[in-house]
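Chain letters run A, B, ... following the sequence lines, proteins first and then strands; every chain starts at 1.
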Amino acid sequence: MDSKIRNHATITIQQEDHTIGNIIRMQLLKDPRVRFSGYRKPHPLENKVEIKVQTNGEINPATAVEQVCTNTHEHMALNAYRMDQNYQNQHGSTLGRTMGGPSSYMTHGYSQM
Amino acid sequence: MYGMEQINTATGFANAKFGSSKGQGAKGFDEPEIRILELSKYVIKFELLNTDLSVANSLRRIIIAEVPTMAIDLVEVKENTSALHDEFIAHRLGLIPLQSFNVDQFNLSDQCACSSMCAQCSVQFKLHAVCSDRDQMEVNTRHIQPLSDAPIIPVQYVNDKGIEEDPILIMKLSKNQQLDMNLVARKGNGKIHAKWSPVATCQMRKEPIVEIDQDKINRDLDIEKRKEFVALCPREVFAFNDYRNAVEIENSDKCIQCIECLRFAQANNLERAVKIAEREDKFVFTVESTGVLTPEDIVSRALQILMRKLYELGTQMKKYGVNAD
């Protein structure tokens, strides 16, 4: 994955498209340790995206992507928690998922989908 | 069964103690907020704050294309003596929305352990219609008979007053024409075919900011021009106050940024009197379901799917991070 430049990685994700590519790229740009981040979909008929990451050496590019994923995941978990709270406040019933704190949204329900 | 409920919430969320480090700017996120503005049987309107545009767009994409539902996927034609050909009818049958509240219990058909079809991955129906006694007969979704106990049935729409609407018309038969088909419904998502998309529309927009310098407008334009200014907005964002003969902003949320008012102001040398902009950090979503899932369920599942994608990617990257060092 690492090419001739140090701290540089090209990650190819199969079966994904702009949905995930754009998020990862944008969030990587917000990290001050990332020097370069970009993504592309090589061909519209092929279902994969390529993400290029270069860091300034403080962290591994793979670690940078992993941290970005974890942070965004927690961000969305908080969103889901808030949404369920909202719904419960208005309707007095949950959306069928267990409440009990944002941390329960981190790995809940993945087996179903 | 309930009718239209308009719920406006000002603040409905508690402050979750979610971990002190998550509010850092270095991670790129402030605490996100999500507020449900309106909720009815088929439509949900909510807003996202302190979220990046890419996250909001990904949520929109997932709502449209990646929330799984059930739809008719295989049609076995035993008899078709009607005016429409087989694949035409099959196409229409595929587009019929099926209530998918139990869709989680089903597997995708290519991931199911069975050889071709089983109760875990498919739901069977029968469509049998004969026009024997009349000159013309309508075949609608009521003629689709489920062959199993699963609650996957065509959606029955209920309008605002709680009255059931007419069923969806599939086709019409003339005298002595027959239709005999076996239908199989499977799980899928919008990426495979649009018939599996759970929404009619998913609209995402940024909240508009409309500002007018009231003193300038009301001083430099005469009354007729002020009325013209109010009239040229296609969405009636402005209002003319007759008591004070002044232009006021009535509802800035309706603005579609067509900048007609801006052009009018420029033409009349009032360059800085009107400002049209968008709030960069607030997104208003309007999700209209087709009835296959409740709208709040669609949004909730979309959030879960996005979370799962990020989680899986993060787990995979963890392995690479460890190996590279």
| message | Applying side-chain contact (heavy atoms from CB on, under 4.5 Å) to A/Asp17 and B/Lys191, what does each step give before you reach the verdict? | response | CA-CA 11 Å; A/Asp17 59 352; B/Lys191 265 171 128 177; 3.9 Å; yes
| query | So which part of A/Ile24 gets closer than 4.5 Å to some heavy atom of chain B, the side chain, the backbone, both or neither? | reply | side chain
| message | Rounded at 0.5 Å granularity, tell me how far OG1 in A/Thr63 sits from NZ in B/Lys318. | response | 10.5 Å
| request: Below 4.5 Å from any heavy atom of chain A, which atoms of B/Leu49 appear? Answer side chain, backbone, both or neither. | output: neither
| request: For each of A/Val65, A/Ile23, A/Asn47, tally heavy-atom pairs with chain B at distances under 4.5 Å, and name the one with the top tally. | output: A/Ile23
| task | Would you give the length of the straight line joining atom OG of B/Ser54 to atom CZ of A/Arg25, rounded to the nearest 0.5 angstrom? | result | 7.5 Å
| Between CE of A/Met83 and CD of B/Glu33, what distance do you get to the nearest 0.5 Å? | 15.0 Å
| field | Donor-acceptor contact present, side-chain A/Asn86 to main-chain B/Ile34, <3.5 Å | value | yes
| query | Going by heavy atoms in the side chains, are B/Met317 and A/Val68 under 4.5 Å from each other? | reply | no
| remark: If one checks every heavy atom of A/Ile59 against chain B at 4.5 Å, the contacting part turns out to be neither
| How many angstroms lie between atom NZ of B/Lys309 and atom CE of A/Met76, to the nearest 0.5 angstrom? | 12.5 Å
| said: How about CG on B/Asp110, more than 12 heavy atoms from neighbouring residues, nucleotides or ligands closer than 6.0 Å, or not? | reply: yes
| request: Kindly compute the distance separating CG (B/Leu313) from CD (A/Glu16), expressed to the nearest 0.5 Å. | output: 8.0 Å
| remark: Of all heavy-atom pairs linking A/Asn79 and B/Pro32, the shortest is OD1-CB, 3.7 Å
| field | Heavy-atom contact with chain A under 4.5 Å, split by part of B/Leu108 | value | neither
| task | Might you work through the side-chain contact (heavy atoms from CB on, under 4.5 Å) test for A/Lys30 and B/Asp52, ending with a clear yes or no? | result | CA-CA 11 Å; A/Lys30 294 187 177 167; B/Asp52 196 36; 3.3 Å; yes
| task | Would you check if B/Val55 and A/Gln27 make a side-chain contact, meaning some heavy-atom pair closer than 4.5 Å? | result | yes
| task | Please round to the nearest 0.5 Å and tell me the distance separating atom CD of A/Gln85 and atom CD1 of B/Ile36. | result | 11.0 Å
